[in-house]
K.L.:
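I'd like to ask you about the structure that follows.
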Amino acid sequence: MNRFDSPLATILGDTILREVTLRDGLQLTGKLLPTEQKIETVRELLRLGVPAIELGSMARADLVPTMANTLEVVQALTPEELEKCWIWVATPGHVAKASAAGARNFQYCLSASDSHNKANIGRTTDESLAALPEAVEYARAVDGQIQLCIATSFTCPFEGYVPEERILAIANDPRAEGTTDIVICDTLGQAVPAQVARLITRVRDESPARRIVYHGHDTWGLGVANTLAAIQAGAAMVDGALGGLGGCPFAPGASGNTSSEDILFATRPGWLTPGVFGELVVLSEKLLAELGEPNRSKAAQGTRSRAEAFDWVIPSAVQPTSPGGN
């Protein structure tokens with residue numbers, strides 16, 4: 001074990017972080033980032049070694065204005081860059097439009113609860129499932145891959161607790177055949193590690209073999225703990241957003257995503273060094289300052305401590321960006 005390794009490294013392995021700032025992170029900010037800035041952010045994240053990025057959503061611009069220029073971003077990126085980028089979709093038409101622009105990785109989202117699916121997508125969960133085979137065909141036609149993403153996998157803001165059997169029924173629905181991954185979402189951040197571990201384990205053992213992805217929020221302060229529990233139970237990809245930015249505009253009570261910085265500090269993937277981590281923190285600070293958003297990452301705050309003998313602390317000569325500044 002070298003000085004950068006996490007004690008959990010032998011358990012966690014090299015789990016893939018998907019950075020979702022440009023989609024889920026921006027949903028509640030109310031500020032549309034310019035296309036060029038989004039493109040630069042994608043390229044900077046890739047340069048630093050981030051293995052996967054969710055770059056935007058096909059949600060209607062009148063409902064989620066911060067996603068209005070998603071296709072422009074897709075069109076500006078190279079095929080090589082797009083291989084590592086994902087786009088949120090909810091209908092076959094979304095997949096068709098995004099694939100025409102060059103996208104190849106799609107996250108098809110529906111909610112376990114009908115109430116949230118109607119609020120988020122405007123249809124019942126079964127109607128979303130009924131349309132999934134057509135979406136899969138569009139993805140296959142461009143040699144792409146498509147995930148089955150299940151929002152409100154633990155709790156719903158309108159219906160409360162969501163039974164595990166509901167998630168397993170969706171995971172095993174024959175209409176989901178052809179999806180390459182399954183995304184389990186703690187949309188409200190109300191789950192606890194034991195719940196997360198149990199559901200991930202059941203999905204792993206009781207549904208078709210697919211890569212398991214975990215998407216968590218930090219509303220109740222358990223984002224990192226839940227993420228680690230998901231990884232230990234079998235999740236091979238986990239989502240995070242810079243500074244813990246974001247939340248769902250159609251889920252009352254949903255606050256920021258689990259911080260990418262906190263997940264990375266806990267898991268220490270092979271591509272991450274203290275120097276790269278410092279650059280990521282600085283990138284995050286600049287973006288959050290422009291958006292006027294607070295930095296909720298404990299690890300990012302830790303890098304600014306005075307304990308400079310610790311490899312992960314940013315030297316005091318590198319000043320943080322003040323909130324609201326550039």
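Counting from 1, the numbers follow the sequence of the chain as shown. As the structure is a prediction and not an experimental result, all values here were calculated from the model.
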K.L.:
When the side chains of residues 53-68 are checked against the rest of the protein, which donor-acceptor pairs come out under 3.5 Å, sequence neighbours left out?
P.N.:
| residue | atom | partner | partner atom | Å |
| --- | --- | --- | --- | --- |
| E54 | OE1 | R23 | NE | 3.1 |
| E54 | OE2 | R23 | NE | 3.2 |
| E54 | OE2 | Q107 | NE2 | 2.5 |
| S57 | OG | A59 | N | 2.9 |
| R60 | NE | D62 | OD1 | 3.0 |
| R60 | NH2 | D62 | OD2 | 2.6 |
| T66 | OG1 | L26 | O | 3.1 |

K.L.:
What's the spacing between S111 OG and K118 NZ if we round to 0.5 Å?
P.N.:
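NZ of K118 is found 12.0 Å from OG of S111.
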K.L.:
My understanding is that only residues two or more places apart in sequence, or in another chain, count here; which of them pass side chain to side chain donor-acceptor pair (under 3.5 Å) with D186?
P.N.:
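Side chain to side chain donor-acceptor pair (under 3.5 Å) check on D186 returns nothing, list empty.
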K.L.:
Look at R18 together with D239 and state whether they make a salt bridge at an N to O cut-off of under 4.0 Å.
P.N.:
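The answer is yes: the pair qualifies as a salt bridge.
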K.L.:
Between the side chain of N172 and the main-chain N/O of L168, is any donor-acceptor distance below 3.5 Å?
P.N.:
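Yes.
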K.L.:
With distance as the sole test, does D24 use its side chain to make a donor-acceptor pair with the main-chain N or O of G246 at under 3.5 Å?
P.N.:
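Checking the backbone N and O of G246 against the side chain of D24, no donor-acceptor pair under 3.5 Å is found.
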K.L.:
Taking N226 for its side chain and H215 for its backbone only, find out whether a donor-acceptor pair lies under 3.5 Å.
P.N.:
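Not confirmed, N226 side chain does not pair with H215 backbone.
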K.L.:
Should we say atom CD of E40 is surrounded by more than 12 heavy atoms from elsewhere, each under 6.0 Å from it?
P.N.:
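More than 12 within 6.0 Å, yes.
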K.L.:
Taking R202 first and then E165, would you say they form a salt bridge - that is, a charged N and a carboxylate O separated by under 4.0 Å?
P.N.:
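So R202 pairs with E165 through a salt bridge.
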K.L.:
Examine distances only and state if a side-chain atom of S260 and a backbone atom of G240 form a donor-acceptor pair shorter than 3.5 Å.
P.N.:
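Indeed, once roles are kept as given, a pair shorter than 3.5 Å links the two residues.
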K.L.:
What residue pairs, at least two apart or across chains, pass ring-ring contact (aromatic ring centres under 6.0 Å, His included) with a residue in residues 190-209?
P.N.:
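Output for this query is empty, none listed.
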K.L.:
Between E44 and K286, does at least one N-O distance fall below 4.0 Å, as a salt bridge requires?
P.N.:
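Salt bridge absent between E44 and K286.
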K.L.:
I want to know whether W312 and F265 have ring centres closer than 6.0 Å.
P.N.:
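Distance test on ring centres: under 6.0 Å, yes.
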K.L.:
For the side chain of R123 and the backbone of S128, is there at least one donor-acceptor N/O pair under 3.5 Å apart?
P.N.:
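A pair under 3.5 Å: no.
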K.L.:
Would R104 and E83 pass as an ion pair if we require N to O under 4.0 Å?
P.N.:
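Answer for the salt bridge query: no.
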K.L.:
Within the supplied structure, the quantity of interest is the number of heavy atoms (other residues, nucleotides, ligands) at a distance under 6.0 Å from R47 CZ; does it exceed 12?
P.N.:
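More than 12 within 6.0 Å, yes.
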K.L.:
How long is the straight-line distance from OG of S207 back to CG of D173, given to the nearest 0.5 Å?
P.N.:
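With rounding to 0.5 Å, CG (D173) is 12.0 Å from OG (S207).
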K.L.:
May I ask you to check whether E261 and S284 show a side-chain donor-acceptor distance below 3.5 Å?
P.N.:
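The answer is yes; a qualifying pair exists.
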K.L.:
Indicate whether the side chain of E290 and that of Q37 have a donor and an acceptor atom separated by less than 3.5 Å.
P.N.:
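Yes, side-chain donor-acceptor contact under 3.5 Å.
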K.L.:
Run T179 and R210 through side-chain hydrogen bond (donor to acceptor under 3.5 Å, both in side chains) and show every step you take.
P.N.:
CA-CA 8 Å; T179 55; R210 287 169 288 208; 3.2 Å; yes
